[in-house]
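What you are looking at is a predicted structure, and each value in this text was computed from that prediction instead of being measured.
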Amino acid sequence: VQLQASGGGLVQAGGSLRLSCVVSRGTFSRYELGWFRQAPGKEREVVARISRSGGATYYADDVKDRFTISRHNAKNTAYLQMSSLKSEDTGVYYCAAEPTILTMSTWTRPSEYDYWGQGTLVTVSS
């Protein structure tokens, strides 16, 4: 399985960006997907997760009501729509895939995801 994230860039605070993650060499609909981010000098942290069907989504508290995760199984692509961006949203954003069903106690942990993309940099200027 290979993941390719894209869509990052420089944006002013209050602006929006949409990240994409294309998954190849695997059956896309069999994977739970997550978005993580890592700011300079900080640990990687979860941003959002989406179930295999797309019917369930979960968010970190600090991005709720601002970010939306979605997936298009026919296009093998997941998205992260980010709005009302803040300077603290700056970081490298990674998409990740996991073939087993995650639980409420495991979905936030990077170690629970088997496959990772290379990351895309998001810089929010204040």
Which donor-acceptor pairs under 3.5 Å do the side chains of residues 99-106 make with protein atoms, sequence neighbours left out?
residue, atom, partner, partner atom, Å
Thr100, OG1, Glu98, OE2, 2.5
Thr103, OG1, Ser105, N, 3.3
Thr103, OG1, Ser105, OG, 3.1
Thr103, OG1, Thr106, N, 3.3
Thr103, OG1, Thr106, OG1, 3.1
Thr106, OG1, Thr103, N, 2.8
Thr106, OG1, Thr103, O, 3.4

Note to self: Could you tell me if the side chain of Thr68 sits less than 4.5 Å from the side chain of Tyr59, heavy atoms only?
What the structure shows: yes

Next item on the list: Could you note down all residue pairs passing salt bridge (Lys or Arg N to Asp or Glu O under 4.0 Å) where residues 4-16 supplies at least one of them, sequence neighbours left out?
Entry: none

Checklist line | Remaining members of the apolar cluster that contains Leu10, side-chain heavy atoms under 4.5 Å | finding: none

Checklist line | Nearest heavy-atom neighbours spanning Val47 and Val63 | finding: O-CG2, 3.5 Å

Margin query: Can you confirm whether Phe67 sits close enough to Ser83 that some side-chain heavy atom of one is under 4.5 Å from a side-chain heavy atom of the other?
Written below: no

Notebook entry, point to check: Is any side-chain heavy atom of Phe36 closer than 4.5 Å to a side-chain heavy atom of Glu45?
Noted result: no

Note to self: Whether Asp61 and Lys64 form a salt bridge (side-chain N of Lys/Arg under 4.0 Å from carboxylate O of Asp/Glu) is what I want to check.
What the structure shows: yes

Next item on the list: Sort and list the pairs that fulfil salt bridge (Lys or Arg N to Asp or Glu O under 4.0 Å) and have at least one residue in residues 14-34, not counting sequence neighbours.
Entry: Glu32-Arg49

Notebook entry, point to check: Is Arg71 positioned over the aromatic face of Tyr79, cation under 6.0 angstrom from the ring centre and no more than 45 degrees off axis?
Noted result: no

Margin query: Rounded to the nearest 0.5 Å, what separates atom CG in Asp62 from atom NZ in Lys86?
Written below: 7.5 Å

Margin query: Working to the nearest 0.5 angstrom, can you tell me the gap between Ser53 OG and Asn73 CG?
Written below: 8.0 Å

Note to self: So, taking the atom named CD in Gln38 and the one named OH in Tyr93, what distance separates them when rounded to the nearest 0.5 Å?
What the structure shows: 12.0 Å

Notebook entry, point to check: Is there a side-chain contact between Val122 and Thr90 (heavy atoms, below 4.5 Å)?
Noted result: no

Check: Is the closest basic N to carboxylate O distance between Asp89 and Arg37 below 4.0 Å?
Finding: yes

Note to self: Can you pull out every side chain to side chain donor-acceptor pair (under 3.5 Å) where at least one residue sits in residues 110-126? Sequence neighbours excluded, please.
What the structure shows: none

Note to self: If I compare all heavy atoms of Ala60 with all of Val46, which pair ends up nearest, and what's the gap?
What the structure shows: CB-O, 3.5 Å

Note to self: When you group the ILVMFWY residues by side-chain heavy-atom contacts below 4.5 Å and let the links chain together, are Tyr94 and Leu85 in the same group?
What the structure shows: no

Next item on the list: Please report the C-alpha distance between Met82 and Leu19 in whole Å, then the side-chain angles of each, then the deciding distance to 0.1 Å, and finally whether the side-chain contact (heavy atoms from CB on, under 4.5 Å) criterion is met.
Entry: CA-CA 8 Å; Met82 306 185 293; Leu19 306 183; 3.8 Å; yes

Check: Can any side-chain N or O of Thr27 pair as donor or acceptor with the backbone N or O of Ser29 at less than 3.5 Å?
Finding: no

Checklist line | Residue pair Gln81 / Ser16, side-chain heavy-atom distance below 4.5 Å | finding: yes

Notebook entry, point to check: Where do Leu3 and Cys21 come nearest, in terms of heavy atoms and distance?
Noted result: CD2-SG, 3.7 Å

Checklist line | For Tyr58, ring pair (Phe, Tyr, Trp, His ring centres under 6.0 Å) partners two or more places apart | finding: Trp107

Note to self: Count I, L, V, M, F, W, Y as connected when their side-chain heavy atoms are under 4.5 Å apart, and connections chain through other members. Are Trp35 and Val23 then in the same cluster?
What the structure shows: yes

